[in-house]
Amino acid sequence: MDLIGSKTVLDTLMRECSGQEEKKRTRIIIATPCGLGGAFQAGMLHALHDRGVCEQHVDVSLGLSAGSWNLGAFWAGQAALTADVYVHLAGMSFSLMKQWDLLGLAYLKKLHRGEVHAEFKLHEHAIRDAKHLFLVGVTDSKRRLQMHDVSKTENIVDLFAASSAFPLFALPQKVAGEWYTDPASAHPCPIPSIVRKANVGHNDIDVLILGGRMHPRHFSVWEQWTYQSLMFTYAWLTWQHNAFLDGLLSIDQRMERAFAMCEKVRSNSRVRLLALVPSPDQSVIPFGATADAVLNSAQAGYRSIEEMWRV
């Protein structure tokens with residue numbers, strides 16, 4: 001696993017969970033977009049749950065795309081099941097593509113409502129009763145990032161699905177009368193926005209970023225070319241204006257800038273940042289990964305947290 005930023009963020013969390021230190025800083029968790037790569041993120045969250053991380057240690061959390069489902073399951077006390085959901089979806093991928101529901105959002109909603117397998121039903125009441133501020137990011141029809149308070153959302157599953165509706169692969173989703181898509185085209189890791197949203201005043205802040213995709217510097221030329229070709233095709237087919245296309249094409253550049261921000265922050269700064277992302281051998285492609293690859297990635301995420309926790 002790659003650690004980008006101040007490891008003091010995780011060390012402080014560990015000491016709080018073990019009772020060695022009282023919580024003094026405001027803590028924010030961001031779960032970034034990652035498609036099926038969310039399995040690694042789910043593994044990390046499962047390990048954090050098993051190590052005792054809970055609401056008393058977190059003030060604000062933000063789920064983006066796949067990260068919304070992962071954080072939702074975490075706060076619902078279902079972190080142990082999330083990897084199984086990814087494995088199940090990976091096994092279903094070709095069937096879903098044949099139905100032209102490429103990201104399987106309709107199926108995903110049925111799955112989390114318990115209509116496919118009862119054990120995968122999301123405990124929405126537990127999420128809605130969360131004591132901290134749990135936000136989910138989406139892109140609105142004007143291509144702006146919106147962060148919805150989950151406790152005030154009538155249909156949580158629909159909100160999570162809207163946050164996962166990546167252009168080209170899924171249609172926009174309707175929530176409370178408005179159409180939304182995946183937040184990545186607006187911003188995949190809005191650190192300044194979530195800090196302002198937290199409204200923490202003069203408190204010191206720790207931001208823990210959990211990713212499911214490796215650092216963009218590891219992407220091959222082929223991967224970058226394929227993605228850009230898909231996005232140009234989408235923009236041409238749908239007659240989307242340049243601002244929207246620019247947002248889709250700049251996702252990786254914005255993630256790089258977020259990671260650069262993490263690297264610049266010192267351990268004694270008022271705002272400390274740490275991003276945990278898979279290394280190339282732990283990462284899986286966002287779309288079309290096999291069930292075995294997804295399971296291995298989830299297990300790698302779990303082991304990575306466990307190994308750091310022992311240090």
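For the numbers below, each heavy atom of this structure counts, side chains included, while hydrogens, waters and symmetry mates do not.
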Take atom [atom1] in [X]; do more than 12 heavy atoms of anything else shown fall under 6.0 Å from it?
X      : atom1 : result
Glu154 : CD    : no
Arg266 : CZ    : no
Glu22  : CD    : no
Leu171 : CG    : no

Looking only at heavy atoms, what is the nearest atom pair of [X] and [Y], with distance?
X      : Y      : answer
Asp252 : Pro216 : O-CG, 3.6 Å
Ser283 : Arg213 : OG-CA, 4.4 Å
Leu62  : Gly137 : CD1-N, 3.8 Å
Val284 : Gly37  : CG2-CA, 3.6 Å

Donor-acceptor under 3.5 Å ([X] side chain, [Y] main chain):
X      : Y      : value
Ser68  : Leu64  : no
Gln78  : His123 : yes
His218 : Met214 : no
Gln41  : Leu210 : yes

Indicate if [X] and [Y] have the same hydrophobic cluster label, given that clusters are the connected sets of ILVMFWY residues with side-chain heavy-atom separations under 4.5 angstrom.
X      : Y      : result
Val53  : Leu3   : yes
Leu108 : Val138 : yes
Val9   : Met44  : yes
Leu13  : Leu71  : yes
Ile4   : Val271 : no

Looking at [atom1] of [X] and [atom2] of [Y], how far apart are the two atoms once the value is rounded to the nearest 0.5 Å?
X      : Y      : atom1 : atom2 : result
Lys109 : Leu122 : NZ    : CG    : 14.0 Å
Met14  : Leu10  : CE    : CG    : 3.5 Å
Asn296 : Asp281 : CG    : CG    : 11.0 Å
Ser297 : Tyr86  : OG    : OH    : 10.0 Å
Arg15  : Gln20  : CZ    : CD    : 7.5 Å
Gln146 : Ser163 : CD    : OG    : 12.5 Å

If we ignore angles and hydrogens, is there a donor and acceptor under 3.5 Å between the side chains of [X] and [Y]?
X      : Y      : answer
Thr290 : Asp292 : no
Asp50  : His46  : yes
Trp69  : Thr82  : no

Check the orientation of [X] and [Y]. Use parallel for under 30°, tilted for 30 to 60°, and perpendicular for over 60°.
X      : Y      : value
Tyr107 : His88  : parallel
His148 : Tyr180 : perpendicular
Phe134 : His132 : parallel

Subject >> Verdict with supporting geometry, Lys24 and Asp206, salt bridge (charged side-chain N to carboxylate O under 4.0 Å, His left out) >> reply: CA-CA 10 Å; Lys24 299 175 182 177; Asp206 278 353; over 6 Å; no
**OP:** Go through the steps to decide whether Lys7 and Asp11 satisfy the test salt bridge (charged side-chain N to carboxylate O under 4.0 Å, His left out), and finish with yes or no.
**Re:** CA-CA 6 Å; Lys7 189 176 179 293; Asp11 294 339; 2.7 Å; yes
**OP:** Before giving the answer on salt bridge (charged side-chain N to carboxylate O under 4.0 Å, His left out), spell out for Arg27 and Glu16 the whole-Å C-alpha distance, their side-chain angles and the decisive distance to 0.1 Å.
**Re:** CA-CA 12 Å; Arg27 183 170 290 110; Glu16 287 177 15; 2.9 Å; yes
Subject >> Evaluation steps, side-chain contact (heavy atoms from CB on, under 4.5 Å), between Ile28 and Val195 >> reply: CA-CA 8 Å; Ile28 300 170; Val195 170; 4.2 Å; yes
Original post:
Taking it one step at a time, do Ile251 and Arg254 satisfy side-chain contact (heavy atoms from CB on, under 4.5 Å)?
Top reply: CA-CA 5 Å; Ile251 291 172; Arg254 285 172 169 168; 6.0 Å; no
Subject >> Pair listing, salt bridge (Lys or Arg N to Asp or Glu O under 4.0 Å) test, anchored in residues 54-74, at least two apart >> reply: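 For residues 54-74: Lys23-Asp59.
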Any side-chain heavy-atom pair of [X] and [Y] under 4.5 Å:
X      : Y      : result
His215 : Met255 : no
Cys17  : Trp309 : yes
Ile209 : Cys262 : yes
Leu111 : Val85  : yes
Lys197 : Val60  : no
Arg270 : Ile205 : yes
Thr32  : Ser65  : no
Met1   : Gln282 : yes

Original post:
Are Phe160 and His112 close enough that their ring centers fall under 6.0 Å?
Top reply: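 Ring centroids of Phe160 and His112 are no less than 6.0 Å from each other.
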Subject >> Val150/Trp75 under side-chain contact (heavy atoms from CB on, under 4.5 Å): CA gap, chis, key distance, verdict >> reply: CA-CA 11 Å; Val150 176; Trp75 297 124; over 6 Å; no
**OP:** Mind running side chain to side chain donor-acceptor pair (under 3.5 Å) on Thr12 and Arg272 for me, showing each step along the way?
**Re:** CA-CA 11 Å; Thr12 302; Arg272 303 186 304 202; 3.1 Å; yes
**OP:** Report the C-alpha separation of Glu306 and Arg51 in whole Å, then their side-chain angles, then the decisive distance to 0.1 Å, and conclude whether the salt bridge (charged side-chain N to carboxylate O under 4.0 Å, His left out) test is met.
**Re:** CA-CA 8 Å; Glu306 285 283 281; Arg51 286 294 180 174; 2.9 Å; yes
Subject >> Full working for side-chain contact (heavy atoms from CB on, under 4.5 Å) between Ile305 and Leu45 >> reply: CA-CA 9 Å; Ile305 293 294; Leu45 284 166; over 6 Å; no
